[in-house]
Each structure stands twice: as structure tokens, then as C-alpha cells.
Peer 1: 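This is the structure I have questions about; it appears just below.
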Amino acid sequence: MAMPRPNTIEGYATQRAPRCLELLGVSEQGGRDETPDVEGEIPRDLQGSLYRNGPGLFERGGLRKPHLLDGDGLVQRLSFANGKVHYRNAFVRTSKFIAEEEADAFRFATWSMRRPGGMLANLGGGSVHSQAGVTVYPFNDILYAFDEISPAYGVDPQTLETIGEKALGDPAREFMVKAHTKFDPQTGEWLLFGISHGRSMKLHAIIHGADGALKAHHVIPSPRQIYIHDFFATREHLIFVLHPMWFSPWRFLSGQASVIESLSWKPEDGNQVLVVSREGGTPQFFDAPAAFIWHALNAYSDGSEIIADFVGYDTPDHFAPHNALFYKVMQGEMGEAKTPGTLRRYRIDLAAHSLREEILDSGSHEFPMIDPRAAMQKHDVAYLTAGKVNWGVNTGVKRVDYPSGKTQVFDFGADVTAGEPVFAARPGAGRDEGWLIVQCLDGRSERAFFALFDATHVDSGPIARVHLPHHLPISFHGWWKAD
Ligand SMILES: [Fe+2]
């Protein structure tokens with residue numbers, strides 16, 4: 001007799017993945033247009049839309065993606081108006097998506113999968129195409145969907161219909177624009193970064209004015225050829241953390257390995273932290289202990305120091321080796337994810353040329369978020385996902401209050417995975433007053449819901465839950481756009 005599928009932490013021992021994890025890697029149909037059920041009350045002054053992006057389609061023609069972080073971009077919009085809610089989602093119709101939809105088969109390499117056809121078909125890298133499935137940012141009436149491979153795609157913020165390629169900062173496609181960007185709330189500037197690989201790696205820093213005009217493009221030689229996902233910006237500086245996740249372009253270009261399979265973690269090399277002026281110029285370098293970084297929380301200047309807060313891992317065991325959770329969960333199995341993402345701080349003293357790393361919270365965290373109005377300035381509050389077990393995916397939400405050192409936690413329990421808490425400001429209220437909107441997946445009901453928290457009272461639990469009549473796969477990042 002077949003064993004029942006375990007739903008809970010106790011199921012961990014069986015090596016079957018809990019249902020709330022397994023469902024993160026199950027494809028969504030797209031094209032939803034729904035009025036969801038609401039449990040609780042939606043505040044009437046919450047007016048606007050949460051946009052989110054993440055992989056939504058993992059198989060075609062009988063072939064399944066091997067890694068949880070690899071699928072075609074599914075953009076979502078959850079709109080709030082006068083206490084009512086509306087939900088919509090759509091796939092970003094990239095050139096890859098359209099060609100593969102017509103062929104009913106995967107045709108192109110993505111970052112965890114080589115192109116079908118073996119080594120010969122993948123010589124030169126196998127034409128990796130954008131899936132536009134990592135982040136989404138509203139900017140000047142267009143929604144920009146980013147991958148880690150150019151180009152970004154423009155999406156209509158109302159209908160979610162794909163407008164087309166929006167080659168921000170890379171008109172010549174000479175480098176890859178990465179998915180994480182920063183808005184300067186004081187100038188309205190939009191800061192992006194990219195990389196180019198070759199005999200050596202170069203970092204590209206791109207600054208757009210509030211009107212969208214390109215103001216600067218700095219090209220910074222990198223002493224390391226690595227994988228990098230996010231960066232930091234203060235009012236004065238850009239900070240790139242070159243963690244020792246080395247990328248071998250030769251393995252990739254020879255057709256032997258996917259992008260992820262071309263990465264190797266070498267903690268003995270430590271981190272190198274590159275600090276450069278937003279005006280460009282010669283960078284300064286600082287050594288730091290090895291820490292794998294997906295996401296920056298925020299950075300700011302404090303006298304001669306730069307404070308840079310982030311979630312760091314001693315080793316990215318959840319992500320890269322083939323026994324990692326993010327591989328195994330695609331087969332419905334538990335994989336390795338023992339190392340927690342701890343909340344960390346770099347204190348970088350530019351005058352003394354020193355860097356100190358502090359572990360601020362040794363629990364399990366991801367998806368750090370601040371009130372965007374605090375970006376590049378001293379932040380008082382951080383919001384993160386948090387969990388009691390290290391799954392590489394968390395089950396709760398944490399609020400960290402820096403001045404008091406107090407934390408608030410709400411945990412949904414072992415049947416629910418919780419995604420990035422997106423901050424929505426309360427109109428007319430001060431900094432850090434507003435709501436958090438958290439996309440969750442319930443393994444018992446096999447349905448997704450959005451939890452709405454009062455951002456100042458996370459430990460009181462959600463003030464409302466917006467229930468969808470279906471599941472949703474993993475969603476990485478979102479952004480709030482007030483009406
Ligand atoms: Fe990310």
C-alpha cells in the first residue's frame with residue numbers, strides 16, 4: 001500500500017517533501033481573473049496593487065525543470081480598492097515563452113537546464129533566454145519584469161499583457177541586467193546593475209533619472225568571476241558583495257553544464273566587498289568572512305561608516321548541489337537545507353579601511369524588506385520571512401525593530417510556506433506605518449492565500465486573509481504601487 005503523503009515536519013523523516021513545499025514547484029495555468037474570498041476585513045485606506053513575479057511554468061512536452069528557481073515568469077496583481085480585492089495573473093510572453101508554446105516543448109537553455117540536444121546543442125552556452133520571472137517593478141506607468149538574463153520585459157500594469165522587450169541600460173546587449181534594482185526615494189533615481197562574463201567579469205552600474213533617462217553607466221572590473229544576485233546602494237555609494245560562488249564560463253560555454261552547474265562554492269576564499277562611488281571612479285575592496293547572499297536589506301552611511309544589512313548563509317546548501325532542497329523538491333523529495341539564512345550586518349569603515357561582520361539574528365530568514373521610503377537611509381525596521389526549521393523556505397514573518405532590539409514573529413505553522421512580506425504604506429502616516437502583504441501556500445487545502453498584516457503588529461497575526469481557489473507556485477519578489 002502506498003504511504004500517505006506527509007504534510008508536516010514529521011514527514012521530513014520520510015524524505016518526502018511536505019505538500020506546502022512540493023506545491024511550490026507545481027505549474028500554474030495563468031490567465032486568472034478572480035474576485036477572491038476574504039476572511040477578515042480589508043482596510044478601506046489600503047488602495048493600490050501588489051505586483052509579484054516568480055516562476056510559474058516548470059514543464060513542457062514531458063520535460064520538467066530540475067530546479068525550483070527556474071520557470072517562465074508569472075506576473076500577479078492583487079488590487080485593493082474600497083475594501084474590495086481583485087486578483088489577476090499572466091505569464092510574461094517572452095520570445096522564449098511564445099516559441100516554446102508553439103512547439104509545445106522547451107527549446108532554450110535556462111539557468112538550471114541545458115538546451116535539449118546534449119553538448120553540441122549547448123556549445124557557446126546554448127542561447128540562454130530571459131524568462132522575465134524574478135522581480136517586477138512599476139516605473140513610469142510600465143511594469144518591468146526582470147530575469148537575470150536580459151532583456152527586461154514591459155507589462156501593462158492593468159491587464160498584465162506583455163508589451164515587449166524593454167532593454168533598460170543594455171541597448172547593445174553587451175551585458176546582462178540583473179533582477180534586483182534600487183529606487184532612491186529622495187531623488188526618484190532608479191539604480192540597476194548587470195554583469196558581463198568573458199576572460200574576466202565586469203560589473204555594470206546603471207542609473208536612470210526619475211524621468212527614465214539614462215544618467216550613468218559605470219563599468220567596474222571585477223576581480224572575481226562569480227554569480228551575484230543583489231547589491232547595496234547608499235546615497236553616495238554602491239556596494240557589491242563578491243561572495244565565493246565562482247562561475248566557470250568555460251564549463252558553461254563548452255556545453256557541459258547549465259549555469260547553476262557551472263557554479264562552485266569555495267568558502268575558503270572568503271567574501272570580497274567592493275565599494276564604489278555612485279559617481280563612478282576607483283573602487284575600494286574589503287575582505288569579509290564567506291557568506292552566500294541572495295538579498296540585501298538596505299545600506300546607509302553613518303559618519304565614515306557604511307552600514308549594510310543582509311541575509312547571509314555560511315553555505316548555500318539549499319540551492320546549488322544536486323542534493324539541495326531546491327533540486328530535490330522538484331521530485332517531491334526533501335533535500336539538503338541545513339544552513340539558515342541569518343540576519344547580518346557589515347560595518348564598513350571607509351576612513352579606517354576596515355570591515356566588520358556582525359550576526360544580528362542567527363535564526364532562519366529570507367526575503368528582507370523595508371519601508372521603501374527608508375531606502376539608502378538609516379532604517380529602524382526590517383521585515384523578513386522566518387521559520388523554526390531550515391527548509392530554505394520559511395513558514396512565518398518577522399519584524400525586527402533596531403532601536404529597541406525587539407522582534408515580533410508570526411508563524412503560520414508547518415503546513416504553510418510564507419513568501420516575501422511586501423510593505424504597503426498607510427496613506428498620510430509616518431515611516432514604517434502600513435501593512436505587509438504576504439503570499440502563502442497552504443499544503444492542507446492545496447490553495448494559496450495572501451495574508452495582510454498591520455506592519456506594526458506582526459505578532460498579532462494577519463488582520464485579513466485573501467483566499468484564492470487554487471494553489472500558486474513559488475513567487476520571489478513583489479512591489480506595492482499605491483493608487
Ligand atoms: Fe531575489
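Worth saying up front: this structure is predicted, and the values here are computed from it rather than measured. All ligand and atom numbering here is 1-based and tracks the order in the structure. Along the sequence shown, residues carry numbers from 1.
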Peer 1: State whether K215 and E189 are salt-bridged, where the test is any N-O pair (Lys NZ or Arg NE/NH1/NH2 against Asp/Glu carboxylate O) under 4.0 Å.
Peer 2: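 Yes, charged N to carboxylate O under 4.0 Å.
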Peer 1: Would you indicate whether the side-chain heavy atoms of M376 and Q186 approach each other to under 4.5 Å?
Peer 2: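 Contact flag for Q186/M376 side chains = no.
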Peer 1: Start with the C-alpha distance between L78 and V466, add both sets of side-chain angles, then the distance that settles side-chain contact (heavy atoms from CB on, under 4.5 Å), and finish with yes or no.
Peer 2: CA-CA 9 Å; L78 185 68; V466 177; 4.1 Å; yes
Peer 1: Under 4.0 Å between a side-chain nitrogen and a carboxylate oxygen: does that hold for R431 and D371?
Peer 2: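 A salt bridge is absent here (no side-chain N lies under 4.0 Å from a carboxylate O).
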Peer 1: With a cut-off of 2.8 Å, which protein N/O/S atoms are close to the Fe ion (ligand 1), if we only count those under it?
Peer 2: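 Listed by chain and number, the atoms are H180 NE2, H229 NE2, H295 NE2, H477 NE2.
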Peer 1: Are W246 and F292 an aromatic pair, judged by ring center distance below 6.0 Å?
Peer 2: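 No.
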Peer 1: Measure from the ring center of F319 to the ring center of W265 and say whether it is less than 6.0 Å.
Peer 2: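 Not close enough - the centres of the two rings lie 6.0 Å or further apart.
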